[in-house]
Amino acid sequence: PKFYSRSTRKYCIAGDFHAPFQDNEAVAELIANESGKTDTLIISGDLMDFYGISRFIKYEHIPIEQEIAGADALLGQLASAFPDVVLVEGNHDAPRFEKQLRSLVSIDMMHVIELLTGGNLSVIKMLAKRYPNVRFAPQQAGAYKLNWMTQVGDLIVSHAEKFSTVPGAALRKIEEGLPDF
């Protein structure tokens with residue numbers, strides 16, 4: 001009989017860290033349990049919180065510099081613990097900042113900002129550039145980039161902005177929406 005050696009990869013999926021508000025004990029447990037055994041950590045959205053620029057009621061002031069520093073420290077910790085880190089954008093990441101910016105700045109000013117930044121308005125993409133083993137893996141669907149999802153083999157990991165209090169309804173909305181893309 002002929003035997004084939006098949007290489008397998010181990011993936012770990014974690015998300016909704018909401019730095020700098022992450023549960024540090026949970027992060028330490030994730031690293032202790034998965035580092036060294038996992039080939040790729042997939043962060044399934046909301047690495048950052050962007051509490052300071054949220055339109056929701058705020059009960060305390062958190063300087064945006066503190067939020068960015070917290071996200072950078074967390075990403076650095078995860079990048080040190082895992083050989084490959086894939087980021088999926090969540091609704092608290094780039095979209096929260098970009099929506100606020102676009103609502104405050106004229107279209108012409110946005111064109112200047114996009115020109116100066118090379119079109120990158122994502123703080124987490126800027127932070128990710130600091131770590132050679134951290135990358136984004138958006139899916140392309142025609143002319144659209146779906147930053148909120150990625151696919152590894154037959155596994156789809158997403159941070160879709162779908163919500164329902166009915167059990168299973170959010171997943172059904174995502175499943176029904178995927179063919180549209």
Peer 1: Let me check something: any side-chain donor-acceptor pairs from residues 106-118 under 3.5 Å, sequence neighbours excluded? List them with distances.
Peer 2:
residue : atom : partner : partner atom : Å
Ser106  : OG   : Met109  : N            : 3.1
Glu114  : OE2  : Arg102  : NH2          : 2.6
Thr117  : OG1  : Ile113  : O            : 3.0
Thr117  : OG1  : Glu114  : O            : 3.4
Thr117  : OG1  : Gly119  : N            : 3.4
Thr117  : OG1  : Asn120  : N            : 3.4
Thr117  : OG1  : Asn120  : O            : 3.2

Peer 1: Please evaluate residues Ile124 and Leu75 with respect to the criterion side chain to side chain contact (heavy atoms under 4.5 Å, CB included), reporting the C-alpha separation (whole Å), side-chain torsions for both, the decisive distance (0.1 Å), and the verdict.
Peer 2: CA-CA 9 Å; Ile124 61 171; Leu75 190 56; 5.9 Å; no
Peer 1: State, yes or no, whether a side-chain contact exists between Arg135 and Leu87 at a heavy-atom distance under 4.5 Å.
Peer 2: no
Peer 1: Look at atom NZ of Lys58 and say whether more than 12 heavy atoms of other residues, nucleotides or ligands are closer to it than 6.0 Å.
Peer 2: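 Enclosed: over 12 neighbouring heavy atoms sit under 6.0 Å from NZ of Lys58.
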Peer 1: Going by heavy atoms in the side chains, are Ile31 and Leu78 under 4.5 Å from each other?
Peer 2: yes
Peer 1: When rounded to the nearest 0.5 angstrom, what is the spacing between NE2 in His61 and OH in Tyr51?
Peer 2: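 That separation rounds to 10.0 Å.
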Peer 1: Check for me, please, whether Tyr131 and Val85 land in the same ILVMFWY cluster - side-chain distances under 4.5 Å, paths through other members count.
Peer 2: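 Same hydrophobic cluster.
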Peer 1: Using side-chain contact (heavy atoms from CB on, under 4.5 Å) as the criterion, point out the one residue from Ile43, Leu41, Leu155 that pairs with Ile13.
Peer 2: Leu155
Peer 1: State plainly whether one hydrophobic cluster holds both Phe82 and Leu74, where clusters connect Ile, Leu, Val, Met, Phe, Trp and Tyr through side-chain heavy atoms under 4.5 angstrom apart.
Peer 2: yes
Peer 1: At their closest point, which heavy atom of Leu127 faces which heavy atom of Ala71, and how far apart are they?
Peer 2: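 Heavy-atom minimum between the residues: CD1-CB, 4.0 Å.
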Peer 1: Sub-3.5 Å donor-acceptor pair from the side chain of Glu67 to the main-chain atoms of Phe50, do we have one?
Peer 2: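 It does hold such a pair.
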Peer 1: Got a donor-acceptor contact below 3.5 angstrom from the Ser103 side chain to the Gln100 backbone?
Peer 2: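 Confirmed, Ser103 side chain pairs with Gln100 backbone.
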Peer 1: Are Leu104 and Val123 linked, directly or through intermediate hydrophobic residues, by side-chain heavy-atom contacts shorter than 4.5 Å (ILVMFWY only)?
Peer 2: yes
Peer 1: For Cys12, is there any backbone N or O sitting under 3.5 Å from a side-chain donor or acceptor partner on Glu34?
Peer 2: no
Peer 1: Are the side chains of Val27 and Gln77 in contact, using a 4.5 Å heavy-atom criterion?
Peer 2: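 When only atoms from C-beta onward are counted, Val27 and Gln77 do touch, with a gap below 4.5 Å.
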Peer 1: Heavy atoms only: give me the nearest Thr38-Pro83 pair and the separation to one decimal.
Peer 2: O-CD, 3.6 Å
Peer 1: Would you kindly say whether Tyr11 and Asp84 are connected by a side-chain donor-acceptor distance under 3.5 Å?
Peer 2: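 Judged by distance alone, the side chains do not pair up.
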Peer 1: Can you list the residues that meet the side chain to side chain donor-acceptor pair (under 3.5 Å) rule with Lys37, with sequence neighbours excluded?
Peer 2: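 None.
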Peer 1: Which atom pair, heavy atoms only, marks the closest approach of Ala128 to Val134?
Peer 2: CB-CG1, 3.6 Å
Peer 1: As an exercise, state the distance from CE of Met48 to CG of Asp72, rounded to the nearest 0.5 Å.
Peer 2: 9.5 Å
Peer 1: In Å and rounded to the nearest 0.5 Å, what is the CG to NZ distance from Asp39 to Lys10?
Peer 2: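 Atom-to-atom, Asp39:CG and Lys10:NZ are 9.0 Å apart.
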Peer 1: Side-chain atoms of residues 14-24: list all donor-acceptor pairs with protein atoms under 3.5 Å, sequence neighbours left out, distances to 0.1 Å.
Peer 2:
residue : atom : partner : partner atom : Å
Asp16   : OD1  : His18   : NE2          : 3.3
His18   : ND1  : Asp49   : OD1          : 2.7
His18   : NE2  : Asp46   : OD2          : 3.4
Gln22   : NE2  : Asn24   : OD1          : 3.2
Asp23   : OD1  : Glu25   : N            : 3.0
Asp23   : OD1  : Ala26   : N            : 3.1

